[in-house]
Amino acid sequence: MRLSASLSLAVLALASLTATSQTASAPKARSAPPQVVAPTPPMGWNSWNFFAGKVTDKDIRGAADQIVATGMKDAGYIYVNIDDTWEGERDARGVLHSNEKFPDMKALADYVHSKGLKIGIYSGPGSHTCAHFAASLDHEVQDAELYAYWGIDYLKYDLCSFRQDVMTKQAPNDKAEQMRLMIDSYDKMGRALMSTGRPIVYSLCQYGWDAPWEWAPGIGGNLWRTTGDVQANWGSIYDIINQQAGLAKYAGPGHWNDPDMLEVGNGKLSLAENRSHFSMWAMLAAPLLAGNDLTNMTPEVKAILTNRDVIAIDQDKLGREGTRAYADGEVEVWTRHLSGGAMAVAVLNVGADRWSSHPFHLSLAKLGLHGPQKGKDLWTGQDVTLTDNQPIELASHDILLVRFPAPK
Ligand code: GLA
């Protein structure tokens, strides 16, 4: 990778500063405690699911423009996150430079900020990222300070080569020690970010290994991936939904389970699948990071991503993640308790072949509800009253999402 053209004096000054701070023992206290960062699940857009390794500075600026132009910003999408493949090489002082696709990171960050948005970046604890670009091993403090200098607001930190570089090298036959090394590496970057004094959302990406929901909040993680990578197909999306059961108690303001970024509008997902995917991410209090091509978004996809009622479920300030109340064959019922005593109920047809001649009958009693319940269908926008044993017809992979303001 060719280095970016210009080296700013400020970065050089930063390099000498970091040469000493890299070895400093006690990090300064973070000025913003983790619960101030990401009090609700982060919302924004990330480059990976659509652009992958092809992403450029121009694409990021274009995404920022589109987030504003499409009304996504007004709907709550704030972070514009650059994923893997922005990285160039380190210079003699160890300062990492962006590659030729990203000529000036500070200018890019300024541009994104000028739109009233925030900017995210990507690295990992190993020597290399998953796409084989330079990562932060042995340069954690230096990189964190560089991000802060650029004005970065969000870091996704991806395990990748740390497995080979450190885990299997240092502890070839000791899985527990490997996991300890992994946790240490995340802790190290967590401290480095804190010591910058800049509030930076810290997103752990290690595919849910060794129950990150148990230790990530303690090392300053604001979100942690709970599974492997999402793909733009129903099998992958449902597989991930299924793996979230049991994790709700670990989520709350400032610390969220991350079932991975959105594929809404990508691949061959049907509108029903896009709706269900988005609804379930909202039920799961998941980060809502769109991953589609915003310049060529269809009106239907835009309507899904900007559905304020569904976004309000995701962003509910109580921060209680939804849970699967029960499953009946291929239909699942999930509930989420919301602030003010409200409740969201999702009825999801996960199967491919339940026909309307066999409608599903919703048991309100199983949800602890008694008698008819008044609410709003968040996809039609209509008021609805659901009664116990209500027959519900859902197309394959479609969802009914209802908010009851005063369930009883
Ligand atoms: C891993 C992550 C993805 C993406 C790629 C980039 O696979 O899980 O989300 O960041 O790396 O290389």
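Counting starts at 1 for both ligands and their atoms, in listed order. For the numbers below, each heavy atom of this structure counts, side chains included, while hydrogens, waters and symmetry mates do not.
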Apply salt bridge (charged side-chain N to carboxylate O under 4.0 Å, His left out) to Asp84 and list each qualifying residue two or more places apart in sequence or on a separate chain.
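Applying salt bridge (charged side-chain N to carboxylate O under 4.0 Å, His left out) to Asp84 gives none.
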Which atoms form the tightest heavy-atom contact between Ile200 and Tyr154, and what is the distance?
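Smallest interatomic distance, heavy atoms only, reads CG2-N, 3.7 Å.
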Check for me whether the distance between the ring centres of Trp86 and Trp48 falls short of 6.0 Å.
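No, the ring centres sit 6.0 Å or more apart.
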Distance to the ring centre below 6.0 angstrom and angle to the axis at most 45 degrees; does that hold for Lys374 and Phe404?
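Judged by the rule, Lys374 and Phe404 form no cation-pi pair.
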Tell me the salt bridge (Lys or Arg N to Asp or Glu O under 4.0 Å) pairs involving residues 240-263, sequence neighbours left out?
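Listed by first then second residue: Arg225-Asp260.
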Please, which pairs that meet side chain to side chain donor-acceptor pair (under 3.5 Å) have at least one residue in residues 274-297, sequence neighbours excluded?
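Pairs touching residues 274-297 that pass the test: Arg275-Asp398, Ser279-Trp379, Asp293-Thr295, Asp293-Asn296.
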Under a 4.0 Å heavy-atom cut-off, what residues line ligand 1?
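Its neighbours under 4.0 Å (heavy atoms only) are Trp48, Asp83, Asp84, Tyr122, Cys130, Ala131, Lys156, Asp158, Cys205, Tyr207, Arg225, Asp229, Met261, given by chain and number.
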